[in-house]
Amino acid sequence: MKIATWNVNSLRVRLPHVLDWLKTVEPDILALQETKTEDSQFPLEPLQSLGYHVVFSGQKTYNGVALVTRMAPENNITDIPGLEDPQRRILAATVGGSRIVNLYVPNGSEVGSEKYAYKLDWLQRVTGWLEGERQRHPHLVVLGDFNIAPADRDVYDPVAFENKLLCSAPERAAFEALLGIGLIDSLRRFDQPEKTYTWWDYRMNGFRRNLGLRIDHILATEALMSACLSCEVDQGPRGLERPSDHAPVLAIFGDSAS
DNA sequence: ATGGTCGGTAACCGA
């Protein structure tokens, strides 16, 4: 079973990349963020024609999440108790017996800003809800754009980013709290190339110079992780013409998840 | 040199 996450920064612009990637990699589940598409405008048919089910929660201009799945998604959720949020950032579904939670965590704008406070509050509320999800679903995957680089090795210049957005102590503590409910950072279960990142700023030739951060993650419960065979970043799509500023992250699970 | 580039949408905002 192949499970992936990809912030596409506008699904309509990135649709050719997404379709090519689905054909090449053939994931069982692909979680998309920043679709930036109202549900009435969602490009459903091209994805369905590849044999996928699709559920989505979008809005105009900003945010938006989707799940592209081989097996039919069940018990879909786009809103959680205790979080009245018009921003479309959460999409959970049960797929093939596993609970899949796709998150587009708020960016936070700047440490100390109103958006930063919203980010931390959002993370706290979502983590509280996920604790219940973890109890209800032994096979739980939480994946998406977390907008948090968990440690200094996830940052191309840790000194410059010290206590800056995406790296501040409260954000990293929020990420640790998420792991604390019983989730594992799948990429760190495996050896990775030096300086493995998932996002590179469009400016400054960031990708060519590998000036990146690792802010997109696939977390899973130990019951699933014990069957995880690999997790890696696919930098290929980031090098295409008109790329997203994020690369997909892909985890592969064997059959023996128990 | 404290910039720079995208996407969405129509002068800027958000990332």
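In this text the structure is predicted, and so the values were computed from the model without any measurement. In what follows, every chain begins at residue 1, and chains take the letters A, B, ... in the order their sequences are listed.
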Would A/R70 pass as a cation-pi partner of A/Y52, given that its NZ or CZ must be under 6.0 Å from the six-membered ring centre and within 45 degrees of the axis?
yes
Mind telling me whether A/F56 and A/F42 have parallel, tilted or perpendicular rings, with 30° and 60° as the class edges?
parallel
B/dG7, OP1 or OP2 - any side-chain N/O from A/R242 closer than 4.0 Å?
yes
Give me the distances for all protein-to-nucleotides 12-15 of chain B N/O pairs that come in under 3.5 Å?
{"from": "B/dG14", "atom 1": "OP1", "to": "A/K115", "atom 2": "NZ", "distance (Å)": "3.3"}

To the nearest angstrom, the CG-C1' distance between A/L11 and B/dC6 comes to 16 Å
With A/K195 via side-chain contact (heavy atoms from CB on, under 4.5 Å) - residues at least two apart
A/Y197, A/N210
Would a single hydrophobic cluster contain both A/I252 and A/V233, if residues Ile, Leu, Val, Met, Phe, Trp and Tyr are joined by side-chain heavy-atom contacts under 4.5 Å?
no
Between A/S113 (side chain) and A/S109 (backbone), is there a donor-acceptor pair under 3.5 Å?
no
Hydrophobic cluster membership, A/L47 vs A/I29, 4.5 Å side-chain cutoff
no
Rounded to whole Å, CG of A/L15 lies from P of B/dG7 at a distance of 14 Å
What interatomic distance, in whole Å, is found between C1' of B/dG14 and the corresponding atom of B/dA10?
15 Å
Specify the separation, in whole Å, of atom CG of A/N205 and atom C1' of B/dC6.
14 Å
Spacing of A/L32 atom CG relative to B/dG7 atom P, expressed in whole Å:
16 Å
Figure out the CD/P separation between A/E38 and B/dG8, and round it to whole Å.
12 Å
